[in-house]
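Along the sequence shown, residues are numbered consecutively beginning with 1.
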Amino acid sequence: MKSPRQLHPIGGILALLIILMATAPASALKVNPANLALNRPCLQSSTSPWSHPNDAQGAVDGVINGNFGFHTDDEVNPWWQVDLGTLSLLTEIRVYNRLGSSFPENARSIEVLISPDGREWQSAYRHNGTVFGGQDGHPLVVSVA
């Protein structure tokens, strides 16, 4: 499959927070969910006038407060990605949307893509067009197990 830069899953501005969750290897005795994306390297398609320095990292800094974690410019097909650094057994991907009157509807058509190598991508989920939450305890939870 094409890279996220070549796909057209989202229109407009993308401003949300994505957390990748995983479990320990199957051989482990105890399974503990972990935020594998925490402080990992990120990229995004563009920045906006509202972006912060090192904007893409705002999605993986561990802060979930209802504000945006990163902010792309108003463009066709914006994207954001995180490099977990190693192959991992993912069980779920949590997407925390911004809340309040700050355009939470921008993420209605989000598509989650996963890749073992950053070159070949497959769709793990395409959202149904509804607005979802985040800090309110209702993030989008994508099961990938």
Side-chain angles (χ1 to χ4, degrees), residues 1-24 26 31-145:
M1 180 173 252
K2 297 179 181 179
S3 80
R5 294 177 187 102
Q6 297 168 316
L7 292 173
H8 306 287
I10 306 167
I13 299 169
L14 181 60
L16 41 85
L17 174 64
I18 301 175
I19 304 293
L20 301 177
M21 302 297 287
T23 59
V31 176
N32 292 318
N35 180 354
L36 298 180
L38 187 64
N39 299 316
R40 296 297 309 161
C42 302
L43 297 171
Q44 65 191 56
S45 57
S46 63
T47 57
S48 76
W50 301 278
S51 294
H52 305 293
N54 202 15
D55 201 50
Q57 291 304 126
V60 295
D61 63 5
V63 176
I64 301 171
N65 61 11
N67 295 324
F68 70 85
F70 68 94
H71 205 303
T72 61
D73 206 0
D74 187 6
E75 64 180 312
V76 176
N77 307 316
W79 55 265
W80 174 90
Q81 68 184 46
V82 60
D83 182 354
L84 298 180
T86 186
L87 289 177
S88 301
L89 176 63
L90 297 178
T91 56
E92 66 183 31
I93 299 170
R94 291 182 180 232
V95 181
Y96 289 83
N97 198 5
R98 65 191 299 181
L99 299 174
S101 60
S102 299
F103 309 105
E105 66 277 359
N106 287 345
R108 290 181 305 189
S109 61
I110 191 170
E111 182 174 8
V112 176
L113 305 171
I114 56 175
S115 172
D117 59 13
R119 292 185 303 271
E120 296 293 321
W121 297 82
Q122 72 180 58
S123 179
Y125 177 81
R126 182 179 289 265
H127 195 57
N128 62 12
T130 59
V131 174
F132 58 92
Q135 177 199 22
D136 62 353
H138 301 288
L140 176 64
V141 179
V142 176
S143 177
V144 291

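- Put simply, the side chain of S88 never gets that close to the backbone of L90: no donor and acceptor are under 3.5 Å apart.
- In this structure, W80 contributes its side chain and F70 its backbone to no donor-acceptor pair below 3.5 Å.
- Note that CZ of R98 and CD1 of I64 are 15.5 Å apart. Values are rounded to the nearest 0.5 Å.
- Nearest heavy atom pair, residue V82 against residue C42, reads CG2-SG, 3.8 Å.
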Decide side chain to side chain contact (heavy atoms under 4.5 Å, CB included) for L113 and Q122; before the verdict, give the C-alpha distance in whole Å, the side-chain angles of both, and the deciding distance to 0.1 Å.
CA-CA 5 Å; L113 305 171; Q122 72 180 58; over 6 Å; no
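- Residues L84 and L36 share a closest heavy-atom pair of CD2-O, 3.5 Å.
- Taking both residues in full, the closest heavy atoms of V142 and A124 are given as CG1-O, 4.2 Å, listed atom of the first, atom of the second, then distance.
- Closest heavy-atom contact between G137 and P139: C-CD, 3.3 Å.
- Judged by distance alone, the side chains of H71 and S51 never bring a donor and an acceptor atom under 3.5 Å apart.
- For the atom pair CD1 of I110 and CG of L140, the computed distance is 7.0 Å after rounding to the nearest 0.5 Å.
- With rounding to the nearest 0.5 Å, the separation of OG in S115 from CG in D117 is 4.0 Å.
- Under the 3.5 Å distance criterion, the side-chain polar atoms of N54 are left unmatched by any main-chain donor or acceptor of Q57.
- For the residue pair S123 and E111, a side-chain donor N or O sits within less than 3.5 Å of a side-chain acceptor on the partner.
- Atoms CG and CH2, from N67 and W50 in turn, are 14.5 Å apart once rounded to the nearest 0.5 Å.
- Scanning both residues, R40 and V60, for their nearest heavy atoms gives O-CG2, 3.5 Å.
- Of all the heavy atoms in Q44 and D55, the pair that sits closest is NE2-OD2, 3.1 Å.
- With D73 contributing its side chain and E75 its backbone, the two residues share no donor-acceptor pair below 3.5 Å.
- For the atom pair CH2 of W79 and OG1 of T72, the computed distance is 10.5 Å after rounding to the nearest 0.5 Å.
- In this structure, the side chain of S109 does not engage the main chain of G129 through any donor-acceptor pair within 3.5 Å.
- Residues that satisfy the side chain to side chain contact (heavy atoms under 4.5 Å, CB included) test with N39, not counting sequence neighbours, are absent from this structure.
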The test is side chain to side chain contact (heavy atoms under 4.5 Å, CB included); show your working for F132 and V95 and say whether it passes.
CA-CA 9 Å; F132 58 92; V95 181; 3.7 Å; yes
Apply side chain to side chain contact (heavy atoms under 4.5 Å, CB included) to Q81 and W121, showing your working.
CA-CA 12 Å; Q81 68 184 46; W121 297 82; 4.1 Å; yes
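- Taking the ring centroids of F68 and H52, they lie under the 6.0 Å cut-off.
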